[in-house]
Number of protein chains: 2
Amino acid sequence: MRTLYAELSRAGIRATASRIAVLKLFRDHPVEHFSADQIYRRLTHDEEPLSLASVYRILSQLLGAGLITCASLGDSRVVYELNRGEPHYHLVCNHCGAIHNVTDTTLNLAYQSIAAQHQFVYASASVVVFGACPDCQAARNQKARSG
Amino acid sequence: MRTLYAELSRAGIRATASRIAVLKLFRDHPVEHFSADQIYRRLTHDEEPLSLASVYRILSQLLGAGLITCASLGDSRVVYELNRGEPHYHLVCNHCGAIHNVTDTTLNLAYQSIAAQHQFVYASASVVVFGACPDCQAARNQKARSG
DNA sequence: CTTCTTGCAAAGGATTTGCAGCGTC
DNA sequence: GACGCTGCAAATCCTTTGCAAGAAG
């Protein structure tokens, strides 16, 4: 875990046990999405004694340092994930809430063009696609057959 | 305002003064976006005595009836607007928060294709493009010149 | 008249903050 | 040793809800 320590220092964030634990969680699950509360419960359950308030403070610092990113998925659902440097979209299941990452750079030009058409200077885009995931489709079909 | 009355009845919503006032606000500003609080302040300031709780209840009913739509713009900013039947995206200024509607149906196919690639059944997509609006660009340039 | 709406005030969940004490540099 | 970090509890913000009184059909 020297890496995490160094990474935090490099980012100008004082390396503490709590911060290393949070960053480690993200590094151990590079493509997963966590809410603040999930992080809190997971770390306290595992080993790390830390408060929810600290989780929020730490997330805000990691965000500021660009080590993680966050996404609002509607319904006041905010999730954080490791910043792997590739912009992506989120595909969210309307039924179970599962979140998939979609890496697709082909549309970025479209967003910049949309911004340009309105004389905006493009900064970023947040894209969330909602639908029914394979598992929930299967479950629905099951129900339809039995019901 | 007979129209509003009829429209509510047709939607199965009992026509009350508060509900007509809220729907009228949307009809009078067909391309504007309002937060629940903005609606509340606007109507109470104007004439209509209604509570914030009622605004939320009314918005939820108009949403259910499909008369309006809502959008989450990140930062827990939720806005409502008249449902004009054309799906669109939002272009948001990072500095002043201004919201523009962008009508572009060319991307919908792309989102459906993205969903299909992950075996999802497409339902909807939420697209928010962030940037700097013309006014804020001008303001920044002003500052840069003078500062 | 019956049923649905409203206002109020209180509850709710998510996030933030002030402050005293402890860890990191 | 100074400064920044943490936990705790309280404060916020936005939204929802229970209940008694008031309007709509």
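Just so we're on the same page: letters track the sequence lines, and every chain starts at 1.
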(request) Provide, to the nearest angstrom, the distance between the OH atom belonging to Y56(A) and the P atom belonging to dT12(D). (result) 18 Å
With a cut-off of 3.5 Å and sequence neighbours excluded, list every side-chain donor-acceptor pair involving residues 90-99 of chain B.
unit_1	atom_1	unit_2	atom_2	d
H90(B)	NE2	H33(B)	NE2	3.2
H90(B)	NE2	E81(B)	OE2	2.8
H90(B)	NE2	H88(B)	NE2	3.3
H90(B)	NE2	N101(B)	OD1	3.2

(message) With a 6.0 Å cut-off (strictly less than), is the heavy-atom count around CZ of R140(A), excluding the residue itself, greater than 12?
(response) no
(message) Under the rule for salt bridge (Lys or Arg N to Asp or Glu O under 4.0 Å), what residues qualify as partners of D75(B), not counting sequence neighbours?
(response) none
(request) Please state how far atom CZ in R41(B) lies from atom P in dC13(D), giving the value in whole angstrom units. (result) 12 Å
(request) Answer yes or no: is there a donor N or O on one side and an acceptor on the other, between the side chain of S9(B) and the main chain of Y5(B), under 3.5 Å? (result) yes
Report, one pair per line, the protein and nucleotides 23-25 of chain D atoms (nitrogen or oxygen only) whose separation is under 3.5 Å.
unit_1	atom_1	unit_2	atom_2	d
dA24(D)	N3	R14(B)	NH1	3.3
dG25(D)	OP1	Y5(B)	OH	3.1
dG25(D)	OP2	Y5(B)	OH	2.8

(message) Students often get this wrong, so: under 4.0 angstrom with heavy atoms, is S35(A) touching a base, only sugar-phosphate, or nothing?
(response) nothing
(request) With the side chain counted from C-beta on, respond yes when S18(B) and I58(B) share a heavy-atom pair under 4.5 Å apart, and no when they do not. (result) yes
(request) Report the distance from atom CG of D75(A) to atom P of dA14(C), rounded to the nearest whole Å. (result) 12 Å
(message) In this structure, how many angstroms lie between the C1' atom of dC5(D) and the CG atom of L8(A), rounded?
(response) 13 Å
(request) Output yes when at least one side-chain N/O atom of R19(A) is less than 4.0 Å from OP1 or OP2 of dC5(D), else no. (result) yes
(message) Could you tell me how far apart D37(B) (CG) and dC14(D) (P) are, to the nearest whole angstrom?
(response) 7 Å
(message) Can you list everything that forms a salt bridge (Lys or Arg N to Asp or Glu O under 4.0 Å) with R27(B)? Sequence neighbours excluded, please.
(response) E7(B)
(message) So if I take residues 42-55 of chain B and measure heavy-atom distances to DNA chain D, which residues fall below 4.0 Å?
(response) L52(B), A53(B)
(message) Check for me, please, whether V102(B) and V79(B) land in the same ILVMFWY cluster - side-chain distances under 4.5 Å, paths through other members count.
(response) no
(request) Return the residues of residues 58-72 of chain A meeting this criterion: a heavy atom under 4.0 Å from some atom of DNA chain C. Order them by number, or give none. (result) none
(request) Give a yes or no on whether the backbone of R14(B) and the side-chain of R19(B) come within a donor-acceptor separation of less than 3.5 Å. (result) yes
(request) Scan S18(B) against the nucleic acid and name what it touches under 4.0 Å (heavy atoms): base, sugar-phosphate only, or nothing. (result) sugar-phosphate
(message) So, taking the atom named CZ in R57(B) and the one named CG in L50(B), what distance separates them when rounded to the nearest 0.5 Å?
(response) 10.0 Å
(message) For dG4(D), does the base pair up with any side-chain atom of R57(A) as donor and acceptor (N or O, under 3.5 Å, distance only)?
(response) no
(message) Whether R77(B) contacts dC14(D) is assessed here as follows: a side-chain N or O lying under 4.0 Å from the phosphate OP1 or OP2. Is that the case?
(response) no
(request) Answer yes when R41(B) and D37(B) have at least one side-chain N-carboxylate O distance shorter than 4.0 Å, and no when they do not. (result) yes
(message) How long is the straight-line distance from OH of Y56(B) back to OH of Y40(B), given to the nearest 0.5 Å?
(response) 11.5 Å
